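As the structure is a computational prediction, the values presented were derived from the model and not from experiment.
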Amino acid sequence: MASIIAPQMAFRAFRSTPKAAPCAKLSAQLPRAHPAFRRSFAAIPQEQPRLRLGSTAPNFKVLTTKGDIDFHEFIGDSWTILFSHPADFTPVCTTELGAFAKLKHEFDKRGVKMIGLSANDIGSHGEWIKDINEVSSTDVQFPIIADADRKVAFLYDMIDQQDLDNIDQKGIAFTIRSVFIIDPSKKIRLTMMYPASTGRNSAEVLRVIDSLQTGDKKGVTTPIDWQVGDDVIVPPSVSTADAKKKFGEVREVKPYLRYTKI
């Protein structure tokens, strides 16, 4: 079972285990549930830590398809993408992992590590990876977290409210499709949340990484639909005179909207 090491404030946000009476009532509603399923209810936190942009990504220790990892040690001094999936052997998830595996060289060029998460155990992950490689003609090399008890999913609030509301009927909440882009200082820089029915756009994940890294390196911002090589925007905090000294030509559309090339 995964061992979670959340920041101190995150721990305080988690409420204590429900009292015996509600648990007993819940168990009575699920007489045929597997014992591990019933135990999972007691571990479900009622509140999640607030994961805002710029906050430190909560650390955790967990088993993956590449062995045990400490998440912060895994990140090291690299950019990292943590992306979650509802379940193994599901159609949309299979296409997504195949697409990310094929783009590994692109993420490598940007110094970005990938780590997936799916709400099943290691044995299931191993068999599922065989399907992914076959369907997408690829070779999944990044680790996939085993999160059958949803501890990491709850830590990062990768849960659909509908599943929480229906927890007594379903037995356990499913993990939604989430993307967390984390920088080398362990700060969350971007999040994306998708419903289980909608597959992600892998090209968009690469695009926003390019935008974040360009902004950090050059001190600029990027407009809508920006791609590498397009004009960038001079931030309002930089005067036009200073921008010309730094970048050269500056194209002013409005006093607050100025483009330049890098």
Quick check: does any side chain N or O of Asp131 sit under 3.5 Å from a backbone N or O of Phe89, one acting as donor and the other as acceptor? no
Closest heavy-atom pair and its distance - Asp121, Ala148: N-CB, 4.2 Å
Once you round to the nearest 0.5 Å, how far does CG of Leu103 lie from CG of Leu206? 5.5 Å
Between Arg110 and Asp210, does any NZ, NE, NH1 or NH2 come within less than 4.0 Å of an OD or OE carboxylate oxygen? yes
Aromatic ring pairing His85/Trp128, orientation class (parallel under 30°, perpendicular over 60°, tilted between): perpendicular
Provide the closest heavy-atom pair for Phe180 versus Met193 in the form atom of the first, atom of the second, distance. CZ-CE, 3.9 Å
Flag yes if Ile262 and Tyr259 sit in one hydrophobic cluster, no otherwise; membership is Ile, Leu, Val, Met, Phe, Trp, Tyr, and two members link when side-chain heavy atoms are under 4.5 Å apart. no
Check: Val92 main-chain N/O paired with Thr95 side-chain donor or acceptor under 3.5 Å: yes
Tell me whether Val208 shares a hydrophobic cluster with Ile188, the cluster being built from Ile, Leu, Val, Met, Phe, Trp, Tyr side chains joined at under 4.5 Å. no
Output every pair passing salt bridge (Lys or Arg N to Asp or Glu O under 4.0 Å) with a member in residues 250-259, not counting sequence neighbours, ordered by first then second residue. Asp231-Arg251
Run Lys187 and Ser55 through side chain to side chain donor-acceptor pair (under 3.5 Å) and show every step you take. CA-CA 5 Å; Lys187 301 297 183 183; Ser55 64; over 6 Å; no
Can you find a heavy atom in the side chain of Ile145 that is under 4.5 Å from one in the side chain of Leu82? yes
Got Phe71 and Val62 here, is their nearest side-chain heavy-atom distance under 4.5 Å? no
Any chance you could measure Arg189, atom CZ, to Leu53, atom CG, to the nearest 0.5 Å? 9.0 Å
Ion pair Lys104/Asp108, N-O distance below 4.0 Å: yes
First locate atom OG1 of Thr191, then atom CE of Met158, and finally report the distance between them rounded to the nearest 0.5 Å. 10.5 Å
Does Lys244 have more than 12 heavy atoms from other residues, nucleotides or ligands lying within 6.0 Å of its NZ? no
For Glu204, does the CD atom have more than 12 heavy-atom neighbours from other residues, nucleotides or ligands under 6.0 Å away? yes
Is there a continuous path of hydrophobic side-chain contacts, each under 4.5 Å between heavy atoms, that joins Leu97 to Tyr194? yes
Distance-minimising heavy-atom pair for Gly219 and Pro235: O-CG, 3.3 Å
Closest approach of Leu155 to Asn59 (non-hydrogen atoms, all atoms of both residues): CD2-O, 3.9 Å
I'd like to know if Val205 and Ile115 are part of one continuous hydrophobic network [Ile/Leu/Val/Met/Phe/Trp/Tyr, side-chain heavy atoms within less than 4.5 Å]. no
Are any non-hydrogen side-chain atoms of Ile181 and Ile209 less than 4.5 angstrom apart? yes
Has the side chain of Ser84 got a donor or acceptor atom that lies under 3.5 Å from a matching backbone atom of Leu117? no
Quick one: OG1 on Thr94 to CG on Asn133, what's the gap to the nearest 0.5 Å? 11.0 Å
Run the side-chain contact (heavy atoms from CB on, under 4.5 Å) check on Lys186 and Ile75 step by step: do they pass? CA-CA 7 Å; Lys186 317 298 188 295; Ile75 294 171; 3.7 Å; yes
Side-chain heavy-atom pair Val140, His125 within 4.5 angstrom cut-off: no
Output yes when a side-chain donor or acceptor of Lys102 lies under 3.5 Å from a complementary backbone atom of Ser137, and no otherwise. no
Please check if the side chain of Thr260 supplies one atom and the backbone of Glu249 the other of a donor-acceptor pair under 3.5 Å. yes
Indicate yes or no for a side-chain donor-acceptor contact from Ser78 to the backbone of Thr80 under 3.5 Å, with no hydrogens or angles considered. no
So, for Ala57 and His72, which heavy atoms are closest and what is the spacing to 0.1 Å? O-NE2, 2.7 Å
If Ile, Leu, Val, Met, Phe, Trp and Tyr residues are connected whenever their side-chain heavy atoms lie under 4.5 Å apart, and connections chain through other members, are Met114 and Ile144 in the same group? yes
May I ask you to decide if the ring planes of Phe83 and Phe100 are parallel, tilted or perpendicular, using 30° and 60° as cut-offs? parallel
Leu212 vs Trp79, side-chain contact (heavy atoms from CB on, under 4.5 Å): CA-CA, chis, key distance, verdict: CA-CA 10 Å; Leu212 290 168; Trp79 287 76; 3.9 Å; yes
Full working for side-chain contact (heavy atoms from CB on, under 4.5 Å) between Phe107 and Phe142: CA-CA 11 Å; Phe107 288 105; Phe142 51 82; over 6 Å; no
Minimum heavy-atom distance between Ser178 and Arg200, given as atom pair plus value: O-NH1, 2.9 Å
Beyond-backbone contact of Phe60 with Asp147, side-chain heavy atoms, under 4.5 angstrom: no
Looking at Ser239, is its backbone amide N or carbonyl O close enough to the side chain of Asp242 to form a donor-acceptor pair, meaning the two atoms are under 3.5 Å apart? no
For the OG atom of Ser136 and the CD atom of Glu96, what is their distance to the nearest 0.5 Å? 11.0 Å
